[in-house]
Number of protein chains: 2
Amino acid sequence: MTRYVYQFEEGDGNDRARLGGKGAGLAEMSRIGLPVPPGFTITTEACNTYQRLNRVPDGLMDEVWTHLAKLEEKLDRRLGDTKRPLLVSVRSGAPISMPGMMDTVLNLGLNPDTTRGVAESTDNPRFAQDSYRRFIQMFGNVVMHMDHGRFEAILEEVKHRAQVKMDTELSESALIEVINGYKDLVWKETGQAFPDDPKVQLEMAILAVFDSWKNPRAIVYRRLNKIPEDLGTAVNVQSMVFGNMSVTSATGVLFTRNPNTGEPGMYGEYLTQAQGEDVVAGIRTPKSIDEMAVEMPKTHEELNQVCKLLENHYRDMQDIEFTVQEGVLYLLQTRGGKRTARASVKIAVDLAKDGTITPKEALLRQDPEQVQRLLYRQIDPGAHVEMLATGLPASPGAAFGKVVFTADEAEARGLAGEAVILVRPETTPDDIHGIVQAQGVLTSRGGMTSHAAIVARGMGKPAVTGCEAINISVVAEEFRVGDHVITKNTVITIDGASGRVMLGSVPTQEPELADEFTELLTWADREKRLGVYANADTPEDAAKARELGATGVGLCRTEHMFMGQDRLPVVQAMILAETLEDRQDALSQLLPMQQSDFYGILKAMDGLPVTIRLLDPPLHEFLPHIMETEEALSQAKQAHDEAAAEKFDAILRRTKSLFEFNPMLGFRGVRLGIVYPEIYAMQARAIFQAEADLLNEGGSPHVEVMIPLVGTPAELARMKTMVEEINHEVADERHQALPYQIGTMIEVPRAAIVAKGIAEHAEFFSMGTNDLTQTIFGYSRDDAESKFLPTYLAEKILTENPFMVLDREGVGRLIEWAVQEGRSVRPDLKVGICGEHGGDPTSIEFCHQAALNYVSCSPFRVPVARLAAAQAALRN
Amino acid sequence: MTRYVYQFEEGDGNDRARLGGKGAGLAEMSRIGLPVPPGFTITTEACNTYQRLNRVPDGLMDEVWTHLAKLEEKLDRRLGDTKRPLLVSVRSGAPISMPGMMDTVLNLGLNPDTTRGVAESTDNPRFAQDSYRRFIQMFGNVVMHMDHGRFEAILEEVKHRAQVKMDTELSESALIEVINGYKDLVWKETGQAFPDDPKVQLEMAILAVFDSWKNPRAIVYRRLNKIPEDLGTAVNVQSMVFGNMSVTSATGVLFTRNPNTGEPGMYGEYLTQAQGEDVVAGIRTPKSIDEMAVEMPKTHEELNQVCKLLENHYRDMQDIEFTVQEGVLYLLQTRGGKRTARASVKIAVDLAKDGTITPKEALLRQDPEQVQRLLYRQIDPGAHVEMLATGLPASPGAAFGKVVFTADEAEARGLAGEAVILVRPETTPDDIHGIVQAQGVLTSRGGMTSHAAIVARGMGKPAVTGCEAINISVVAEEFRVGDHVITKNTVITIDGASGRVMLGSVPTQEPELADEFTELLTWADREKRLGVYANADTPEDAAKARELGATGVGLCRTEHMFMGQDRLPVVQAMILAETLEDRQDALSQLLPMQQSDFYGILKAMDGLPVTIRLLDPPLHEFLPHIMETEEALSQAKQAHDEAAAEKFDAILRRTKSLFEFNPMLGFRGVRLGIVYPEIYAMQARAIFQAEADLLNEGGSPHVEVMIPLVGTPAELARMKTMVEEINHEVADERHQALPYQIGTMIEVPRAAIVAKGIAEHAEFFSMGTNDLTQTIFGYSRDDAESKFLPTYLAEKILTENPFMVLDREGVGRLIEWAVQEGRSVRPDLKVGICGEHGGDPTSIEFCHQAALNYVSCSPFRVPVARLAAAQAALRN
């Protein structure tokens with residue numbers, strides 16, 4: 001026969017599945033000799049069988065009575081005894097904590113006779129009647145499903161008649177009046193008398209706890225928190241202790257360390273002369289646990305010892321419930337305490353340093369996503385906010401400022417020291433100068449890879465994109481959302497971590513990179529096998545990345561360098577060139593600019609590899625929009641400005657000729673390099689000249705030239721030959737060998753499929769998982785995230801957004817294939833990823849398993865990537 | 001030692017590689033006893049060794065002299081003998097025919113002494129001098145590289161002085177004057193005397209032929225025709241016969257059957273009293289070979305016998321050169337004759353029917369691409385054309401008509417019986433009614449998969465798209481191209497097979513589907529293992545496809561049904577619906593329309609499978625363009641038409657909300673079905689109701705429901721459940737089982753990668769190779785073909801356009817994977833392809849090799865697909 005009931009000290013403290021979290025904790029504390037009021041646990045199995053059979057499982061109640069008898073013997077009290085009555089609490093306790101979701105009954109065992117017994121044995125008749133009153137109310141509500149408010153009404157009425165305000169002011173006789181009123185209410189509402197037989201009370205309470213597993217709020221909670229339906233709850237029947245018995249009694253809750261900061265030392269609250277529910281009800285303000293050192297020094301010291309013991313035992317910070325009954329300490333619960341990211345890091349590092357856990361355990365205990373938040377300014381979690389709308393969480397961090405609608409104004413006022421938020425329908429390369437000077441960016445269009453999102457993430461600046469609820473009029477300099485009209489200069493706050501847009505300046509918290517965090521990351525570096533590189537397009541980004549622990553640049557995009565205010569006109573001239581000669585002219589103006597860009601990045605990363613991707617985006621991204629140009633052209637014509645008209649006409653013709661239906665799949669990447677080899681040639685020359693400059697100064701640049709969007713071995717072979725020629729030219733000019741590696745981004749499925757052929761020419765592969773995800777799924781990210789992905793996620797067609805978490809079955813499979821094929825012809829092929837997935841912990845675990853060499857992510861994700869890489873190594 | 005020289009009768013007639021085509025033919029004819037003037041062949045190996053060493057190979061000339069001696073003995077004539085001089089021709093002959101590319105010398109062996117000998121032995125001094133004159137001119141030009149025109153000038157001068165017009169009118173003495181002039185010229189130009197020694201002449205001529213392998217025009221010809229550079233040419237040294245010796249002498253060229261029509265019987269021309277070059281020079285008009293039956297009946301009969309013998313021997317139609325010398329027939333060459341597609345089919349079928357070849361050989365001898373042209377109207381190859389521009393060959397066929405610029409006008413005038421060509425920047429669903437009534441379509445934008453291209457191909461109507469050289473003003477109703485301004489009503493001709501746009505009405509040729517072709521295709525059906533289905537969206541298309549031999553519809557696109565004039569407003573109402581109820585309203589209007597569409601197609605294909613794809617394109621394709629709507633909105637506002645303004649405003653908002661950056665990768669296919677299940681539900685209901693109707697009438701519909709753009713098993717599972725429910729509903733309503741199959745299109749790489757999971761739910765896969773090619777390469781076809789693909793093909797980065805010829809290494813590999821994975825869980829999984837590749841012969845061969853079940857192509861490609869499928873089966 002299955003055994004359903006265990007005395008606390010019989011239970012296995014690790015068997016949370018059968019005993020529930022609370023039961024396992026009570027068992028464990030009992031076994032190690034802590035002062036736990038005796039009791040027993042009815043297993044989750046009993047609950048599940050009850051649910052399945054829809055009746056009380058055979059033998060369950062017999063077992064309960066047997067264990068009750070043991071309990072009575074232990075305490076020399078009997079349930080229902082009028083001299084030494086046993087009172088118990090009946091509490092639920094699921095394997096996974098569901099705070100407040102299920103039911104608890106205290107003071108069970110009281111009836112008129114036992115109440116009298118309690119009054120006599122405690123010599124405190126008022127306490128006895130108050131306990132009985134509380135019991136009827138709680139039992140009536142929880143077990144008999146009566147409305148809590150009806151009981152409160154009776155209590156209020158008696159208080160009113162007695163002309164008192166507080167429950168504690170009621171006399172014994174007034175309490176008896178309340179009790180009688182409660183009993184009448186029970187009779188009227190349920191048609192039956194309130195049960196006097198304590199055994200009936202106990203059985204009813206146990207079944208009520210079982211039933212509470214299926215109450216609607218518990219079902220919703222489980223769905224929200226992804227807790228399986230079939231776990232069931234255990235039931236803990238525990239002898240009562242009373243924090244409300246006397247002035248030397250108390251009840252409280254504490255953490256063994258500060259759950260906000262992780263600082264060592266108890267952190268909690270208590271109330272004297274109170275039961276647990278009084279703390280929750282907030283009738284009196286609890287005292288800090290520190291006050292207990294003065295008020296109840298012995299208990300305080302005992303708690304201190306208990307905390308140390310529990311921490312040593314559980315090897316983690318604990319969250320404890322306790323009661324002091326007439327100076328004697330009892331523990332009612334212990335569990336791992338919830339904590340902030342900051343506390344999580346500090347606690348784990350402290351525990352590791354004092355030898356309680358190993359550094360590996362300290363690493364494994366961190367949730368990388370939570371840790372990530374340490375690196376960004378956050379909305380104060382306690383702050384009141386007035387929500388305006390929610391967009392896509394495009395770049396984490398919180399910022400507030402005055403709304404402005406043009407990049408020029410953002411730049412001017414930002415430079416003048418004002419905090420502004422740039423609000424645009426979408427941003428373009430023309431807006432970069434404004435983004436740089438704004439506190440954050442808000443757009444009504446575009447997804448997680450829109451221009452605004454990418455640029456903001458690159459700068460570590462908060463951004464909310466695709467906030468379609470707001471209706472922007474750039475002309476009127478206002479936006480509308482719901483009933484609000486937000487005009488220029490209104491202060492708003494954006495939270496790029498959640499996508500929230502709020503009115504006014506909401507308080508934010510500064511990020512801190514505590515010493516413990518730094519220490520934890522050095523431990524991570526010892527464990528991880530993957531290199532962690534950063535995506536960095538500027539010397540500043542590269543320096544930041546290096547500071548955050550990156551050991552290389554995995555992706556240096558050269559196009560952002562083309563977008564500077566000084567460069568764009570030259571880039572446009574290059575694109576508008578109608579002859580090779582004109583294009584060469586423009587390119588030769590760009591050469592020194594690019595050379596100094598590359599020099600700066602190589603210098604910032606001196607001694608570490610820097611992977612420079614040659615120009616990738618379609619050329620039309622550098623030209624103004626067709627409609628803007630048409631506007632400008634018609635204005636120039638009206639003004640009879642023929643020179644301007646000619647210029648705009650040329651731009652318009654070129655823009656139209658570059659128009660693409662699906663730019664994502666268009667004329668970009670190596671396709672530019674094949675059709676306009678002179679562009680890539682200029683970039684290669686700039687790279688090698690920068691390398692030569694740095695070598696001259698005694699630096700050790702590690703140059704990796706990356707050809708983007710290759711789909712056939714022939715493309716790469718062609719570009720490789722050209723880059724090699726230019727390398728030889730510059731080496732000859734500078735009388736110096738200029739070592740470099742050449743490789744490609746694997747961004748289209750075909751590149752992965754024919755990886756063997758490509759690896760013949762490539763010394764490294766960088767998996768461009770953003771584009772790979774787009775092409776493998778056939779999803780344009782911008783379109784998908786605003787159109788159908790939300791439905792797909794809500795309806796569980798997809799379990800994760802594949803742009804956030806690498807899709808192992810599809811994208812991952814092809815990456816594994818590419819790695820295998822590539823290394824079959826070039827065993828030392830270096831492989832990394834440089835998509836957004838490079839900063840996502842589960843994707844990083846995949847990269848580890850797929851035997852990649854490194855991941856590359858935005859500088860601000862480097863710490864989390866180091867941590868995730870270490871966890872991947874430790875887990876696999 | 002390698003042997004370099006073979007007497008004709010010693011050679012192996014199959015060894016074209018060593019003897020060249022001409023040498024092998026001469027050898028073969030000699031061996032089977034046909035009257036071939038004796039001679040010998042110097043192998044291609046000699047030529048190649050000569051090229052490699054850059055000198056005459058050791059022993060070559062010794063061998064030549066030995067074989068010359070044999071030849072002299074055989075004929076009892078000696079090279080250089082003054083009594084019985086031997087004259088020879090020296091001709092090149094490569095393994096692959098390169099007509100006119102290399103050199104020939106006739107009458108070699110003449111000098112003043114031998115000329116006298118010829119004069120005496122023929123008793124025809126004028127003939128002797130004329131031959132000598134021709135020899136010097138030809139040798140001087142071909143061997144000594146002198147300008148042909150300088151010789152002609154001397155000839156003209158003598159004719160002028162002699163006051164004659166024709167060469168044949170020149171007297172013996174005048175010819176001697178010419179000869180002396182020629183010799184002086186040679187001396188002046190080359191600094192050496194014209195060689196008198198026939199052996200020197202022969203050696204020089206042989207080396208000149210070797211050298212001619214490397215002449216620039218031969219190199220260009222080989223590059224254009226993909227002939228390898230290392231084949232080399234053989235040299236044939238053959239005793240001369242003279243068609244110009246007397247009135248009973250003649251020379252001619254003939255085909256053993258008519259090379260244009262394939263009709264049996266000799267087809268050719270001859271000239272009496274002439275040498276081969278006279279025919280080429282066109283001085284006299286040759287006579288038809290039929291005249292020979294009267295003029296030289298004995299020779300005519302001999303030729304007839306020779307033709308039969310050669311056809312039987314070579315088992316194919318032959319192209320023959322012959323000379324008659326004083327009534328005696330000599331054969332100088334035989335080779336497989338070039339022929340039109342029509343002749344190719346007829347000849348092969350005729351040969352197979354008379355047992356000369358097998359039906360399998362008849363099938364293998366066809367070039368499917370060439371055969372395809374039989375099915376379209378063509379530009380008369382001999383017609384003079386005035387080119388305007390060249391666009392993309394979007395839909396084959398030729399058409400002419402008056403230029404019109406709107407679909408409405410095209411429809412009105414087309415219906416009125418006028419031939420019009422619809423010219424648009426691009427076409428949209430709104431233009432369909434105009435395309436239907438136009439002879440053809442010309443667009444300045446869009447690629448091979450643009451709307452115009454797809455619609456025109458579907459209708460079998462000529463189209464030229466992406467013709468960027470033309471600048472259309474719809475407002476002015478004209479287009480400009482170069483210096484031309486083409487106004488409305490100007491007649492132009494378009495050739496959709498080549499992309500040519502021509503001025504005026506160029507003569508075209510009607511297609512014919514000869515009986516022989518039909519017969520050949522029935523033979524093909526016996527051999528092929530692949531099914532050939534058609535892509536058909538209407539009952540008319542389906543009927544056409546069935547007539548052309550399709551055994552099913554592999555792709556019935558339902559979206560084109562949405563574009564009819566009567567449907568579009570309802571479709572738009574459905575899209576603009578803001579509530580599910582409104583959408584259901586519109587859908588219930590569409591239901592009967594779709595039902596009758598499906599009924600018609602199922603009926604046309606009764607008894608054969610019809611694969612119906614549920615709605616695929618993004619919804620914005622059914623809405624007007626944003627700019628048009630903005631225009632309409634602002635007009636409505638100006639006119640204070642509030643109802644209209646409200647309508648356009650609603651359309652505008654919806655269109656904007658449906659805007660996509662990359663529609664190809666956007667909100668389409670099953671993504672619509674997941675987000676708006678009611679649309680697919682309506683389509684499923686329409687399908688099953690149509691099936692029930694047809695079953696009721698005793699038909700046997702074979703319904704296959706295809707869910708497009710699936711990338712995860714979950715998508716298909718969800719849609720399958722819904723379709724199944726609707727099937728049960730309709731079956732219940734109609735009291736009838738409604739069998740069907742459900743499957744998916746494999747269009748995104750992920751679907752292929754996770755094919756195993758998808759096959760759990762799919763009874764068939766249809767490989768959507770158009771989209772697969774786009775996503776695997778990361779090419780948007782429209783953009784790629786107008787931007788970088790031309791460069792890629794020109795520079796051999798790609799050897800073929802992957803949208804025309806299936807890319808085996810990339811796309812093919814993933815298809816093979818999908819087939820294997822899919823059949824691993826469902827061995828009877830039916831797999832086909834329905835992209836444009838379904839009609840491409842080499843792609844069809846891939847499908848055969850990859851064990852697909854069928855290919856599906858446009859109705860007009862069905863015959864060629866049947867042929868290609870048979871060839872694939874026969875070759876593999």
Side-chain angles (χ1 to χ4, degrees), chain A residues 445-447 450 468 618 627 657-669 671-672 674-675 709 711-712 714-715 718 747-754 757 771-772 774-784 786-789 791-792 795-798 802 807 809-811 813-814 817, chain B residues 445-447 450 468 618 627 657-669 671-672 674-675 709 711-712 714-715 718 747-754 757 771-772 774-784 786-789 791-792 795-798 802 807 809-811 813-814 817:
Chain A
R445 271 182 34 184
S450 62
E468 300 193 347
M627 281 166 68
S657 86
L658 288 171
F659 167 84
E660 293 186 311
F661 296 98
N662 298 287
M664 152 76 203
L665 305 177
F667 185 25
R668 45 174 289 237
R671 301 160 195 177
L672 294 170
I674 298 284
V675 177
L709 213 69
T712 65
E715 289 167 311
R718 177 77 59 96
E747 302 176 85
V748 297
R750 197 176 191 283
I753 298 171
V754 303
D771 276 9
L772 263 186
Q774 296 199 87
T775 48
I776 287 177
F777 274 90
Y779 292 168
S780 164
R781 181 171 184 177
D782 285 331
D783 302 320
S786 66
K787 302 286 189 305
F788 58 86
L789 265 190
T791 307
Y792 268 49
E795 304 211 351
K796 301 243 168 68
I797 303 280
L798 293 172
D807 160 51
E809 282 169 64
V811 178
R813 188 107 192 218
L814 211 51
W817 166 268
Chain B
R445 270 182 34 184
S450 62
E468 300 193 348
M627 280 166 70
S657 86
L658 288 171
F659 168 84
E660 293 185 311
F661 296 98
N662 298 286
M664 152 76 202
L665 305 177
F667 186 25
R668 46 175 287 238
R671 301 161 195 176
L672 294 171
I674 298 283
V675 177
L709 212 69
T712 66
E715 290 167 310
R718 176 77 59 97
E747 301 176 85
V748 296
R750 197 176 190 282
I753 298 170
V754 304
D771 276 8
L772 263 185
Q774 295 198 86
T775 48
I776 287 177
F777 274 91
Y779 292 169
S780 164
R781 182 170 184 177
D782 286 330
D783 302 320
S786 67
K787 301 288 189 306
F788 58 86
L789 265 191
T791 308
Y792 269 49
E795 304 211 352
K796 300 242 168 68
I797 303 280
L798 293 172
D807 160 51
E809 281 169 65
V811 178
R813 187 106 192 219
L814 211 52
W817 166 267

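A note on names: the letters A, B, ... follow the listed sequences, proteins ahead of strands, and every chain is numbered from 1.
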S.K.: Where on Asp771(B) is there a heavy atom nearer than 4.5 Å to chain A: the side chain, the backbone, both, or neither?
M.R.: neither

S.K.: Pick from Phe667(A), Phe788(A), Tyr779(A): which one has the most heavy-atom pairs with chain B under 4.5 Å?
M.R.: Phe788(A)

S.K.: Pick from Leu789(B), Leu709(B), Leu658(B), Leu672(B): which one has the most heavy-atom pairs with chain A under 4.5 Å?
M.R.: Leu658(B)

S.K.: Looking at residues at least two apart in the chain, or sitting in another chain, which of them share a side-chain hydrogen bond (donor to acceptor under 3.5 Å, both in side chains) with Glu468(B)?
M.R.: none

S.K.: Please flag which part of Arg813(B) lies under 4.5 Å from any non-hydrogen atom of chain A: side chain, backbone, both or neither.
M.R.: side chain

S.K.: Counting only heavy atoms closer than 4.5 Å, note whether Glu795(A) contacts chain B via side chain, backbone, both or neither.
M.R.: both

S.K.: Look at Ala714(B), Gly810(B), Gly778(B) and state which one has the largest set of heavy-atom pairs under 4.5 Å with chain A.
M.R.: Gly778(B)

S.K.: Using a 4.5 angstrom heavy-atom cutoff, name the option from Ile753(B), Thr791(B), Ile776(B) with the most pairs to chain A.
M.R.: Ile776(B)

S.K.: Side chain, backbone, both or neither: which part of Arg445(B) has a non-hydrogen atom closer than 4.5 Å to chain A?
M.R.: side chain

S.K.: Restricting to non-hydrogen atoms, name the atom on Asn662(A) and the atom on Ser780(B) that form the minimum distance, rounded to 0.1 Å.
M.R.: ND2-OG, 3.1 Å

S.K.: Side chains of Thr775(A) and Leu665(A): does their closest heavy-atom pair fall under 4.5 Å?
M.R.: yes

S.K.: Taking the side chain as everything from C-beta on, heavy atoms only, tell me whether Glu809(A) gets closer than 4.5 Å to Asp807(A).
M.R.: yes

S.K.: Does the side chain of Phe661(A) reach to within under 4.5 Å of the side chain of Pro663(B), using non-hydrogen atoms?
M.R.: no

S.K.: Indicate yes or no: at least one non-hydrogen side-chain atom of Thr712(A) is less than 4.5 angstrom from one of Leu798(B).
M.R.: yes

S.K.: Considering only heavy atoms, which portion of Tyr792(B) lies under 4.5 Å from any heavy atom of chain A: side chain, backbone, both, or neither?
M.R.: side chain

S.K.: Can you check whether Ile797(B) reaches Ile674(A) side chain to side chain, under 4.5 Å on heavy atoms?
M.R.: yes

S.K.: Just so I understand: if I count every heavy-atom pair under 4.5 Å between each of Lys796(A), Arg671(A), Lys787(A) and chain B, which residue has the most?
M.R.: Arg671(A)

S.K.: Under a 4.5 Å heavy-atom cutoff, which of Ala751(A), Ala752(A), Gly711(A), Gly666(A) has the most pairs with chain B?
M.R.: Gly666(A)

S.K.: Can you name the closest pair of heavy atoms from Met664(B) and Gln774(B) and give their distance?
M.R.: SD-NE2, 3.3 Å

S.K.: Can you tell me which portion of Arg718(A) sits under 4.5 Å from chain B's heavy atoms? Options are side chain, backbone, both or neither.
M.R.: side chain

